[in-house]
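Contents: one structure, followed by commentary.
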Amino acid sequence: MTRIQVLPPGLVNQIAAGEVVERPASVVKELVENALDAGARSVQVDLEDGGLALVRVADDGSGMERGDAVLSLERHATSKLRDAEGLVAIATMGFRGEAIPAIASVSRLRIDTCPDGPVGSVVGTRISVEGGKVAAVEEVARARGTTIEVRDLFFNTPARRKFMRSTAAESGHSSEAVVRLALSRRDVGFTLRSGGRAAIATPAGASMEDRAAIALGREAARHLVPVDAERGGIRVRGVVTSPDHSAATSRGLYLFVNGRYIRDRALAYAVVRAYAGSLPAGRQPAGVLFLEVGLDRVDVNVHPQKLEVRFQDARVATDALHHAVSEALRPSPWLRHRPPLAEGNPPREPVASVPVAAEPGAEDVAGILDRAREAAAERARDLLPFPVSSPPPPGTASGSPVPLPAPGYFGSMRYVGQHARTYLVCEAPGGALVVIDQHASHERLLFHRLRLALRDRALEIQPFLVPPVVTLPPAAARAIEAAAPELAAVGLDVEPFGGDAFAVKSAPALLGGAAMGPLLADLADQIAEAERGSAVGEALDGLLATMACHAAVRANQDLTREEVRALLDGLDAIDFKARCPHGRPVVAELPLAELERRVGRR
């Protein structure tokens, strides 16, 4: 019979090290967090052999007295927690009291530390530890702060050491650990040297953009959009990349709760949902986002490496994050704001206001202008199923014109012409050349209006006097048949018509004259994709995007100037106006200075 026995302290510490110390990067993380909790304003990290030969973390924090330094090597000895009540309001990075003894048990460790005090009145302490056993405690001369050297990591646990990766890979993990902490503490300067070469050097007080550039890269930093909103008592701030820049993986998304870097799939997915219909398939957003939550509403004591947290109400947290990112991105702030029209700049067409004079006969002139606008609007409505700007209200009796609201990015452009019957060529105030994809832009507009109408339960349905009959391949027919209730919810009423045929009884009025056969075939593919695991929101957006694609104006289709004007004016009123629902760019811009450089004028 096997007897129960108490494990020796050395073995207990090695077991704890297995949870806390996964690799050299774990050592870096724990020691730098301790430095930050000690009030450091400068942290320097040195690595040799990817951290396996040496990890050295030096700080200018408060330091420790001799007795505290010795106690720091005991398990569950900490200055950051006093009682059970403190567990529900943890504001420090570390609190378990496991890190230093766990690291010391699998390395040769040395602590040099000195508390603050008048010059000459305090003495530093040096403690040498090998494999968890204290070898020496002595005095040392040093300035305020702490330096911890960890040499020969896992020297006494060779089974762990052989699973370490290459020097470059381990150095990369440690760099990532420093980056995460540097993002959360912009008031602290960080330096990381690997093999004697500087890998990270960022001063205290660096801007969020500068720190984000270290994490995301300089190219991504050019596309940052600020985020700052509060919802449900949770504040969300930080930066995300615009849809003009995306990543192949989700590694570029950094999430923090009360300054602590965490991994949380639900929160990450809340950010991804905010980009719905604006990123190409398979691409991921990037950014640095901080959630500020009441300490009593989040539990950080759920993971040995403190990489996960548990919210009192997870839905409130995900809703706050999704709302903040969505509101930051919907106005498409990455589109450049243009200066107001100045003298000499081409005027917007049609003119922005209609002068109405009080003299006899002026009413006839105004009436002619109004009727001309109404005729143009009617022609546009035949092709573009969205409202065209109404004529301005009549002027005052004094005859002064009533200005329209200032035009937005698209509305301020002067339309030049159509290229290849697909691209709308425009001139923006300031002279930039702007090219707009007519299909992608109209598709974005229709998608927005469909989603908005569905959300507000105001989707206008158009019944067919003679329902078109569509015959589909067997697999597509089964998908449409199974999803008939879901299609009806988005305004598309289809009924079996024998075999693999369906009669389309009604469709959203916004779809205009879209061909039902190709539309149902594509919807069947979309439904099959949803069945392979898409979330409900993604599946619904996919259906609406497919419907918008089929109803939008096509490439190689002529548009009148009035239709183009209506499209441009409509784009300013929607969200994600620079991307179609499938993530393709709607607009490309060539600044005047760049154009002049290319033709040799600069």
Side-chain angles (χ1 to χ4, degrees), residues 20 29-30 32-41 61-62 76 78-99 177 179-188 204-205 207-208 211-212 215 225-240 250 253-274 285 287-330:
V20 177
K29 171 183 176 293
E30 296 291 345
V32 175
E33 285 182 349
N34 282 345
L36 295 176
D37 285 340
R41 287 295 175 264
S62 59
H76 308 308
T78 177
S79 62
K80 305 163 189 177
L81 190 63
R82 287 288 179 264
D83 49 39
E85 285 73 18
L87 281 175
V88 299
I90 293 172
T92 54
M93 300 297 289
F95 57 88
R96 291 171 176 265
E98 294 177 301
V179 164
R180 292 170 181 173
L181 293 163
L183 287 172
S184 69
R185 292 294 302 272
R186 290 187 290 120
D187 59 323
V188 178
S207 68
M208 172 56 72
R211 291 279 168 101
V225 176
V227 176
D228 194 344
E230 186 170 345
R231 188 182 183 96
I234 298 177
R235 185 185 178 192
V236 180
R237 59 184 179 85
V239 292
V240 292
S250 59
L253 182 60
Y254 292 82
L255 299 175
F256 297 82
V257 173
N258 294 341
R260 185 189 304 278
Y261 172 81
I262 65 161
R263 294 192 300 239
D264 190 294
R265 295 181 64 182
L267 289 179
Y269 184 61
V271 176
V272 172
R273 283 195 299 115
V288 182
L289 293 165
F290 299 87
L291 281 75
E292 298 172 7
V293 188
L295 296 179
D296 60 340
R297 299 175 63 185
V298 61
D299 183 2
V300 301
N301 190 29
V302 297
H303 190 276
Q305 298 175 27
K306 304 183 291 291
L307 289 173
E308 298 174 5
V309 299
R310 182 179 293 117
F311 293 97
Q312 187 180 66
D313 191 332
R315 182 178 292 277
V316 173
T318 55
D319 285 350
L321 186 57
H322 174 72
H323 169 78
V325 178
S326 296
E327 292 306 306
L329 293 175
R330 286 191 190 286

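Residue numbers run from 1 in the order of the sequence given.
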Discussion item. Give me the atom names and distance for the closest heavy-atom approach of V236 to A320.
Written reply: CG2-O, 3.8 Å
Worksheet item: Which atoms form the tightest heavy-atom contact between A328 and V225, and what is the distance?
Response: O-CG1, 3.8 Å
Worksheet entry | Pairwise distance CD1(I262) to CZ(R310) - rounded to 0.5 angstrom | 12.5 Å
Worksheet entry | Criterion side-chain contact (heavy atoms from CB on, under 4.5 Å) on D299 and V309, from CA distance to verdict | CA-CA 6 Å; D299 183 2; V309 299; over 6 Å; no
Practice prompt. Compare every heavy atom of S326 with every heavy atom of A274, then report the nearest pair and how far apart it is.
Written response: CB-OG, 3.3 Å
Discussion item. To check you understand the geometry: which heavy-atom pair defines the closest contact between V288 and A212, and what is its length?
Written reply: CG2-CB, 4.3 Å
Discussion item. Test of understanding: with salt bridge (charged side-chain N to carboxylate O under 4.0 Å, His left out), list the residues that count as partners of R237, not counting sequence neighbours.
Written reply: E292
Worksheet entry | Sidechain N-carboxylate O distance under 4.0 Å for D313, R315 | no
Worksheet, complete the sentence: Residues passing the side-chain hydrogen bond (donor to acceptor under 3.5 Å, both in side chains) test with D228, sequence neighbours excluded, are R235
Discussion item. Which residues pass the salt bridge (charged side-chain N to carboxylate O under 4.0 Å, His left out) test with R180, not counting sequence neighbours?
Written reply: E176
Worksheet item: Side-chain contact, heavy-atom cut-off 4.5 Å: V227 with V239?
Response: no
Worksheet item: Do V271 and P285 touch side chain to side chain, with heavy atoms closer than 4.5 Å?
Response: yes
Fill in: All side-chain hydrogen bond (donor to acceptor under 3.5 Å, both in side chains) counterparts of R211, not counting sequence neighbours
T202
Worksheet item: Where the side chain of D187 meets the backbone of G205, is there a donor-acceptor pair that is under 3.5 Å apart?
Response: no
Practice prompt. Would you indicate whether the side-chain heavy atoms of V298 and N258 approach each other to under 4.5 Å?
Written response: yes
Discussion item. Set out, in order, the CA-CA distance, both residues' side-chain angles and the distance that settles side-chain contact (heavy atoms from CB on, under 4.5 Å) for V316 and R297, then state yes or no.
Written reply: CA-CA 11 Å; V316 173; R297 299 175 63 185; 3.7 Å; yes
Response to the item:
Hits for ring pair (Phe, Tyr, Trp, His ring centres under 6.0 Å) against F290, two or more places apart or cross-chain, chain-then-number order -> F256
Worksheet item: How would you list, by chain and number, every residue that makes a side-chain contact (heavy atoms from CB on, under 4.5 Å) with A204, sequence neighbours excluded?
Response: none
Worksheet item: Shortest non-hydrogen contact from V179 to A215?
Response: CG1-CB, 3.5 Å
Worksheet entry | Listed partners of A317 passing side-chain contact (heavy atoms from CB on, under 4.5 Å), at least two apart | I234, L267, L291, F311
Worksheet entry | Set of side-chain hydrogen bond (donor to acceptor under 3.5 Å, both in side chains) partners for R41, sequence neighbours left out | none
Practice prompt. Applying side-chain contact (heavy atoms from CB on, under 4.5 Å), name anything that partners E327, two or more places apart in sequence or on another chain.
Written response: H323, R330
